> 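Starting off with a structure, shown below.
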Protein chains: 2
Amino acid sequence: MNVMQSTPPPHELRISSPDLTRERIVVAAREVMGRKGKRGATTREIAEMAGVNEATIFRHFGNKEGIVAAVAQRFCPAVELQAIATKLSGNIDEDLFELGRVLMERMEGLQDMIRWSMVEQHDPLDEPLISLGDQAWRAPEAIQHVLMEYMSRRIATGELKGDAKRLSRVFMGLVFSHVMSQLKFPDPEVYANPEASLRFYIDVFLNGVRS
Amino acid sequence: MNVMQSTPPPHELRISSPDLTRERIVVAAREVMGRKGKRGATTREIAEMAGVNEATIFRHFGNKEGIVAAVAQRFCPAVELQAIATKLSGNIDEDLFELGRVLMERMEGLQDMIRWSMVEQHDPLDEPLISLGDQAWRAPEAIQHVLMEYMSRRIATGELKGDAKRLSRVFMGLVFSHVMSQLKFPDPEVYANPEASLRFYIDVFLNGVRS
DNA sequence: ATTCTCTGCAAGTAAGTACTTGCATGCCGA
DNA sequence: TCGGCATGCAAGTACTTACTTGCAGAGAAT
């Protein structure tokens, strides 16, 4: 990591640097592993996509597991829970829309990693310290926690009924199935306007479909 | 396929027969591919699990794709739509429970194949005639179609409101996320009594959570 | 100018995996 | 009793893939 060196780089717009190479590799790895999965992604394809020699990958990360760990750390940022909380207006429909929008955005961005997390299985021998699947769920889980607390408050005020945990699970399930169905059932009527779909889910969630 | 021979087998309880070994292979392949996926499943592991020599697999199915096709055909039976239709009582809550129960059962049984269908990608070259992922969704899609027609009728009578297609999608999404969350979030409170959970989903779906 | 670091390149190793083949054996039907 | 069929077994082929290594060149820092 030359980043920590005391001497600054000569010009900021260096054509190439170890850190830049490393970054290109991680980005390429994320792309390839999103499509082929941790196992299906080959170091060769990652190298090609990064425009880098295969040996360079191993010089940077040691082995394949090293790339996986780097990808997991690089692409699973924590959510700024503060930013969400400040946007809440008090109107349930609008608050759920805001929370749902953030949740949906995150899930869309982490779509591929979440998909792979549902089939991922690490053999009991070399348990990875950082599981891609676990990392992918960090942000959605954090948001669900906020959701649960929100539901809990609204139940206390008598605006909602039921169990906060189950309610937040159902709400997250609606967003989850929306995002996950996109590949297999790409209905344009649903996915052309995701915010409208979200409003629809919220309407069903709050009011039901009985007339 | 000795099944079609004119002469009947001498005793029904044969210790071994070509058809039986074939069956054992397909069953083992389904098991292994459910865990490791189409690519991750090795012919060696399938052979071991089937208690059969690896060469026998290729004598039966030619190549790996042959096993995949056999698994896809063997484990994706069509739904008896008649059986469902006759059970409908007219009470929406009960009908949705019946439909939801069948949907949930099927999805549980096809869980692993559905999971893999969400990351499955066939390279454009050797497109398989029978895709495991497509086959896995046959039954759920059929049930969703029944659901949609049911919703459509109830909308016509004024009991439900909204668009039948979207409604059935949301309902299927509830069951879908329930089944898919089981591995990553095995909350015993939710999964110890799946029928109770289903009733909860139906309550939210029909009446909403606003008090 | 020299040294040090990063990288490309080419070759190679070891392991896994799909698939083949030839032979021996055992079981069933005729 | 005999002949065919299904299978086990062992060996082997061809390909992929993670990972290594030695060398050479290009910059950058000193």
Side-chain angles (χ1 to χ4, degrees), chain A residues 1-26 28-29 32-33 36-71 123 125-126 128, chain B residues 1-26 28-29 32-33 36-71 123 125-126 128:
Chain A
M1 307 253 191
N2 294 350
V3 153
M4 301 303 289
Q5 280 184 347
S6 53
T7 54
H11 358 296
E12 281 304 321
L13 20 124
R14 277 275 296 282
I15 299 170
S16 173
S17 85
D19 287 340
L20 209 154
T21 314
R22 189 189 167 90
E23 176 71 7
R24 284 224 310 279
I25 294 172
V26 178
V32 177
M33 289 176 43
K36 310 281 187 75
K38 171 179 164 180
R39 176 176 179 157
T42 69
T43 52
R44 187 180 308 161
E45 187 174 355
I46 294 174
E48 279 173 12
M49 175 149 295
V52 146
N53 194 277
E54 200 178 345
T56 304
I57 289 185
F58 291 100
R59 284 194 264 253
H60 270 275
F61 302 96
N63 53 29
K64 199 178 171 183
E65 207 58 48
I67 319 177
V68 175
V71 169
D123 33 0
L125 297 183
D126 59 342
Chain B
M1 308 246 188
N2 294 348
V3 153
M4 300 303 288
Q5 280 186 345
S6 52
T7 53
H11 359 295
E12 283 304 321
L13 22 124
R14 277 274 296 281
I15 300 171
S16 173
S17 84
D19 287 340
L20 207 153
T21 38
R22 188 188 169 90
E23 176 71 7
R24 284 223 309 278
I25 293 171
V26 178
V32 177
M33 289 176 42
K36 311 280 187 78
K38 171 178 162 180
R39 175 176 179 158
T42 69
T43 52
R44 187 180 307 162
E45 187 175 356
I46 294 173
E48 279 173 12
M49 174 149 295
V52 147
N53 193 279
E54 201 179 343
T56 304
I57 289 184
F58 292 99
R59 283 194 264 255
H60 270 275
F61 301 96
N63 52 29
K64 200 178 170 183
E65 208 58 48
I67 320 177
V68 175
V71 168
D123 34 359
L125 296 183
D126 59 342

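To find a chain, count down the sequence lines: A is the first, B the second, and so on, and within it residues start at 1. These numbers were taken from a predicted model, which means no experiment stands behind them.
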> Have a look at the helix from C/dA1-D/dT30 to C/dA30-D/dT1 and give the angle its two end axes make, five pairs each, rounded to 10 degrees.
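One end's axis against the other's: 10°.
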> In whole angstrom, give the distance that lies between atom NE2 of B/His60 and atom P of C/dC19.
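Those two atoms, NE2 and P, are 16 Å apart.
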> Listed by chain and number, what are the salt bridge (Lys or Arg N to Asp or Glu O under 4.0 Å) partners of A/Lys64, not counting sequence neighbours?
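Not a single residue meets the salt bridge (Lys or Arg N to Asp or Glu O under 4.0 Å) criterion with A/Lys64.
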> Can you give me the closest heavy-atom contact between B/Val26 and B/Phe61, atom names plus distance?
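Closest approach of B/Val26 to B/Phe61: CG2-CZ, 3.6 Å.
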> For the NZ atom of A/Lys38 and the CD atom of A/Glu65, what is their distance to the nearest 0.5 Å?
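It comes to 4.0 Å.
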> Roughly how far, to the nearest 0.5 Å, is NZ of B/Lys36 from CD of B/Glu45?
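Those atoms lie 3.5 Å apart.
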> Whole-Å distance between C/dT7 C1' and A/Phe61 CZ?
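Atom-to-atom, A/Phe61 to C/dT7, this comes out as 14 Å.
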> Closest heavy-atom contact between A/Pro18 and A/His60?
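Closest heavy-atom pair between A/Pro18 and A/His60: O-CE1, 3.4 Å.
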> Would you indicate, yes or no, if C/dG8 has its OP1 or OP2 atom less than 4.0 angstrom from a side-chain nitrogen or oxygen of A/Thr56?
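So the side chain of A/Thr56 is within the cut-off, an N or O lying under 4.0 Å from OP1 or OP2 of C/dG8.
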> What is the separation between atom CG on B/Asp19 and atom P on C/dC27, rounded to the nearest whole Å?
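The distance from CG of B/Asp19 to P of C/dC27 comes to 19 Å, rounded to the nearest Å.
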> Of the non-hydrogen atoms in B/Ile46 and B/Ala28, which two are nearest, and what is the gap between them?
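What the structure gives for the nearest pair is O-CB, 3.7 Å.
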> Calculate the interatomic distance between A/Arg22 atom CZ and C/dC6 atom P; express it in whole Å.
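Answer to the nearest Å: 12 Å.
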> Considering residues at least two apart in sequence or located in another chain, which fulfil the salt bridge (Lys or Arg N to Asp or Glu O under 4.0 Å) criterion with B/Glu48?
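In terms of salt bridge (Lys or Arg N to Asp or Glu O under 4.0 Å), with neighbours along the sequence ignored, B/Glu48 is linked to no residue.
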> Rounded to the Å, how far apart are A/Asn53 CG and D/dC23 C1'?
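Going from CG in A/Asn53 over to C1' in D/dC23 covers 13 Å.
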> Contact class for B/Gly51 vs. all strands (heavy atom < 4.0 Å): base, sugar-phosphate, or nothing?
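Since only primed, P, OP1 and OP2 atoms lie under 4.0 Å of B/Gly51, the category is sugar-phosphate.
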> Tabulate protein N/O versus nucleotide N/O from nucleotides 15-22 of chain D, keeping only pairs under 3.5 Å, one per line.
| unit_1 | atom_1 | unit_2 | atom_2 | d |
| --- | --- | --- | --- | --- |
| D/dA18 | OP1 | A/Ala41 | O | 3.4 |
| D/dA18 | OP1 | A/Lys64 | NZ | 3.1 |
| D/dA18 | OP2 | A/Thr43 | N | 3.0 |
| D/dA18 | OP2 | A/Thr43 | OG1 | 2.8 |
| D/dC19 | OP2 | A/Lys64 | N | 2.6 |

> Between atom OG1 of A/Thr21 and atom CZ of A/Arg59, what is the distance when rounded to the nearest 0.5 Å?
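So the gap between those two atoms works out to 11.5 Å.
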> Whole Å only: how far is the CG atom of A/Leu20 from the P atom of C/dT7?
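Going from A/Leu20 (CG) to C/dT7 (P), I get 10 Å.
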> For B/Ile46 and C/dA18, what is the distance between atoms CD1 and C1' respectively, to the nearest whole Å?
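Roughly 11 Å, once rounded to whole Å.
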> In residues 50-58 of chain A, what donor-acceptor pairs under 3.5 Å come from side-chain atoms, sequence neighbours left out?
| unit_1 | atom_1 | unit_2 | atom_2 | d |
| --- | --- | --- | --- | --- |
| A/Asn53 | OD1 | A/Ala55 | N | 3.0 |
| A/Glu54 | OE2 | A/Thr43 | OG1 | 2.7 |
| A/Thr56 | OG1 | A/Asn53 | O | 3.4 |

